Amino acid sequence: MNCGEGIDTRQVDELFINLDPIQAGGRLTVDAMKAVLAYGDGYSVCDNCEKPFRLDCIKKPPLAKFHEDLAAFVNMDVARLVPGARRGFQAVSDTFVKKGDSVLLTAYSHYTEFLSVEQAGGIPHEVLADDRHIITADAVAARIEEVTHTTGKSPALLFVEEVDYQYGNVHPVKEIARVAHQYDIPVLCNGAYTVGIMPVDGKDLGADFVVGSGHKSMAAPAPSGMLATTSEWAEQLFRTTRIQGDLTGRTFGVKEVEMMGCTLMGVTSIGMMASFPHVKKRVQEYDKHLARCNLIVDALCSIEGTKVQSEYPRRHPLTRMNTSDSFDTVAKVHKKRGFFLLSALRERGITGIIAGSTKVWKFNPYGLTDQQAQYVADMFVDIAKTEGLSVHTP
Ligand SMILES: *Cc1c(COP(=O)(O)O)cnc(C)c1O
């Protein structure tokens, strides 16, 4: 079977346990898959669009309600659907960063956060992590002081990742936001790895903006995501159009400028909405998902020479390992070189780590069952033993 010439059916999650770091939280639920089929056509959510003609006001399917639910889900006041977390960053930067403004980011900020600053003409200033790979409130305070001193103006915005993509570490957003607010700097909490995976309480964190990724962490089709804010900023961020055609005199109602009017008009919004009840449930079961991750990390660390580079015990399933002194010693003499590891995993029905990497690599076991997690743990140990590495029993 294929989907037309040159387009094979993709069979990854059907055939393997997939540990791909960026794919785990975006796997569709069965309801989302049904939604994909039923709402695949372009503007499929627009059948019953009525005045004021905006996506977040559509009652059938219940998109208006979904927007309210999303805001409540992250404990913020107002939410909008956006085509990916990046478009959330873009809307915030475009609204609050003027040309030449300083913007604080971190050593772990995603490239799309940088690009949003670039587009707005802002100047990036990074906050470095400490030696535990954590961005601390002290480091943020020091950088604010330094940037304010050297530029004569405090930064216009601060980006902080609740969980970063390099180590999967949880950063102290609440303390960081408290510091930033002492300098009147609004805080964007990047929840690309958290919203839809673990409970996120934007008000408790002190975030002015919470951004989530539908296709990374909310079991939704791409490109999808959410941008939430407080009533303090909503009017500015979601300002409506004022422009007018000079000859026709046309105006454009209540379309929101940063949203380009409407955002996710079909499969993306419905897919996200179909998964949402499941997503709400799974964040409540976060501890179980973490326990499964820690089980696999423990098994890996029982292989002599293996180290976990992320914080441990794990507080998020995205995990960075260092196997320079274990699997990489095998790679040096193996006929498949560095490819032996992925190859051995695939023979055992597991995939998703980068081909050829046996030194530092990441995996994300989010969403596995207990049985699957135990199987993955056993298979890492099995591969180690097969290749003659020593394994200590805990
Ligand atoms: C994946 C990722 C993004 C981008 O998310 P999109 O929804 O694809 O735009 C942003 N920030 C971090 C930390 C990420 O890991």
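Computed from a prediction, not measured in an experiment: that's the story for all the values here. Remember, it's 1-based here, ligands and their atoms both numbered in the order they're listed.
The pair Asp370-Lys288 does not meet the salt-bridge criterion, since no charged nitrogen lies less than 4.0 angstrom from a carboxylate oxygen. Under 4.0 Å is where a charged nitrogen must lie from a carboxylate oxygen, and between Lys34 and Asp31 at least one such pair does.
Using modelled atom types, one finds a donor on one side chain and an acceptor on the other under 3.5 Å when comparing Ser326 with Thr306.
With a 6.0 Å radius and a threshold of 12 heavy atoms from other residues, nucleotides or ligands, Glu14 has its CD atom above the threshold.
Asn190 ND2, 2.9 Å is the protein heavy atom nearest to atom 11 (N) of ligand 1. Ranking protein heavy atoms by distance to atom 14 (C) of ligand 1, first place goes to Lys216 NZ, 2.8 Å.
The option with the heavy atom closest to atom 12 (C) of ligand 1, from among Arg86, His215, His110, is His110.
In Ala85, the parts holding a heavy atom less than 4.0 Å from any atom of ligand 1 are both the side chain and the backbone. In Tyr108, neither the side chain nor the backbone holds a heavy atom less than 4.0 Å from any atom of ligand 1.
Because its NZ or CZ atom is not both nearer than 6.0 Å to the ring centre of Phe53 and within 45° of the ring axis, Lys255 does not count as a cation-pi partner of that residue.
Residue contact check: Gly84 has heavy atoms under 4.0 Å from atoms 7 (O), 9 (O) of ligand 1. Here is the list of ligand 1 atoms found below 4.0 Å of a heavy atom in Tyr165: 15 (O).
Residue Thr112 places no N or O, backbone or side chain, under 3.5 Å from any N or O of ligand 1.
Rounded to the nearest 0.5 angstrom, Asn364 CG and Ile296 CD1 are separated by 9.5 Å.
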